Amino acid sequence: MKVKENYNQIRSAIQEACEKANRKPEDITVIAVTKYVSVERALEAIEAGVRHLGENRDEGLLAKWEVLGDKPTWHFIGTLQTRKVKNIIDKVDFIHSLDRISLAKEIDKRAGRKINCFVQVNVSGEESKQGIEPEDLFEFISKLAEYKNLHIIGLMTMAPFTSDEDLLRSCFRKLKDLQSKVRDLNYEFAPCAELSMGMSNDFSIAIEEGATMVRIGTALVGEKDQEV
Ligand SMILES: *Cc1c(COP(=O)(O)O)cnc(C)c1O
């Protein structure tokens with residue numbers, strides 16, 4: 001198994017993207033997305049030096065939590081049904097998919113502590129994508145002030161599945177631009193200093209455009225436990 005090799009390659013690519021963009025690799029957090037793979041594979045990622053794991057379903061997260069506990073820092077990265085919040089809330093430190101007030105309310109109610117949240121934005125405008133529409137973002141964020149357990153640390157997006165570099169870049173730029181506008185509001189509850197963007201196929205571009213957290217599945221831990 002070559003998770004370690006994959007991780008080394010990813011780190012070189014991050015270094016390269018950072019050089020291009022005049023950024024520091026230590027400012028980029030790699031989240032290993034383990035949703036396709038076994039707990040053994042997730043453990044390999046941890047042994048390779050990855051500190052952050054991401055899952056997009058409560059079942060997957062709970063199954064891995066049973067074995068790995070709080071060895072890694074856990075991120076919830078997928079669509080989160082309101083009724084599932086109670087299952088995962090004690091286990092995760094980051095939720096990347098805040099996209100509606102009912103969800104904010106439930107997280108606030110169930111969390112006995114501050115939870116780091118990303119507001120998910122649909123910058124690509126694709127019908128199928130989750131997330132707040134850019135034009136609704138500022139009103140949405142202003143409404144989050146009353147939920148004291150939510151710490152709005154940044155914005156998240158999923159770029160379209162394409163190899164069109166210009167299109168990817170323009171999506172990431174849009175998110176960065178929205179982030180600067182939120183930061184300018186100086187909300188104490190929403191410092192919005194982070195950008196969760198970039199996956200296996202596009203993390204280098206995302207980093208060039210300002211990503212601080214990249215969510216990497218296939219390129220790091222493989223898919224469905226095939227040889228990577
Ligand atoms: C699956 C998933 C990823 C990782 O995808 P890869 O292309 O395998 O790197 C990242 N973010 C989210 C929200 C996902 O659901």
Side-chain angles (χ1 to χ4, degrees), residues 1-3 5-14 17 28-39 41-42 44-45 48 50-64 72-81 84-85 88 92-100 103 107 115-124 126-132 153-165 167-168 171-172 175 194-228:
M1 194 38 51
K2 305 183 299 175
V3 173
E5 267 173 50
N6 291 345
Y7 189 42
N8 289 342
Q9 273 175 17
I10 287 167
R11 286 201 311 195
S12 314
I14 290 175
I28 318 294
T29 300
V30 173
I31 301 164
V33 176
T34 50
K35 66 185 183 195
Y36 313 111
V37 301
S38 64
V39 64
R41 189 67 67 76
E44 267 182 74
V50 175
R51 294 278 159 269
H52 297 260
L53 297 192
E55 283 282 330
N56 69 340
R57 304 195 49 184
D58 65 330
E59 295 93 336
L61 188 122
L62 294 173
K64 290 191 177 75
T73 296
W74 291 99
H75 296 248
F76 196 90
I77 59 167
T79 309
L80 181 53
Q81 288 173 275
K84 302 263 170 107
V85 168
I88 57 129
V92 301
D93 286 322
F94 294 83
I95 293 175
H96 291 243
S97 45
L98 179 58
D99 61 356
R100 56 198 192 278
L103 182 58
I107 294 170
I115 303 285
N116 296 310
C117 295
F118 288 88
V119 174
Q120 184 168 353
V121 187
N122 180 8
V123 284
S124 72
E126 288 176 296
E127 288 279 338
S128 61
K129 289 280 193 298
Q130 305 286 328
I132 296 277
I153 61 163
L155 303 181
M156 178 276 208
T157 202
M158 304 254 301
F161 188 75
T162 174
S163 52
D164 180 343
E165 223 186 280
L167 182 56
L168 291 167
C171 279
F172 297 140
L175 196 70
E194 310 287 335
L195 279 176
S196 169
M197 56 189 198
M199 319 197 329
S200 290
N201 293 322
D202 56 19
F203 70 87
S204 291
I205 301 172
I207 289 169
E208 286 172 37
E209 298 302 333
T212 63
M213 293 201 179
V214 289
R215 312 176 307 266
I216 308 182
T218 319
L220 179 53
V221 292
E223 210 175 342
K224 301 210 196 311
D225 278 11
Q226 92 284 22
E227 290 297 306
V228 291

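Counting starts at 1 for both ligands and their atoms, following the listed order. No experiment lies behind these values; they were computed from the predicted model shown.
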Check your understanding: Is there a donor-acceptor pair under 3.5 Å between the side chain of Thr34 and the backbone N or O of Val37?
Key -> no
Study note, to complete from the structure: d(Cys117 SG, Ile153 CD1) to nearest 0.5 Å is 8.0 Å
Check your understanding: Heavy atoms, side chains only, cut-off 4.5 Å: are Ile31 and Ile216 in contact?
Key -> no
**Study point:** Separation of Leu61 CG from Lys35 NZ (nearest 0.5 Å)
**Key:** 13.5 Å
Exercise for review: Return yes if some donor-acceptor pair links the side-chain N/O of Thr29 with the main-chain N/O of Met213 below 3.5 Å, else return no.
Suggested key: no
**Study point:** Heavy-atom donor-acceptor pair, Asn6 side chain to Leu220 backbone, under 3.5 Å
**Key:** yes
Check ligand 1 against the protein and report each N/O to N/O distance under 3.5 Å, formatted as atom name, atom name, distance.
unit_1, atom_1, unit_2, atom_2, d
ligand 1, 8 (O), Tyr36, OH, 3.3
ligand 1, 8 (O), Thr218, N, 2.8
ligand 1, 8 (O), Thr218, OG1, 2.5
ligand 1, 9 (O), Ser200, N, 3.0
ligand 1, 9 (O), Ser200, OG, 2.5
ligand 1, 9 (O), Gly217, N, 2.8
ligand 1, 11 (N), Arg215, NE, 2.8
ligand 1, 15 (O), Lys35, NZ, 2.6

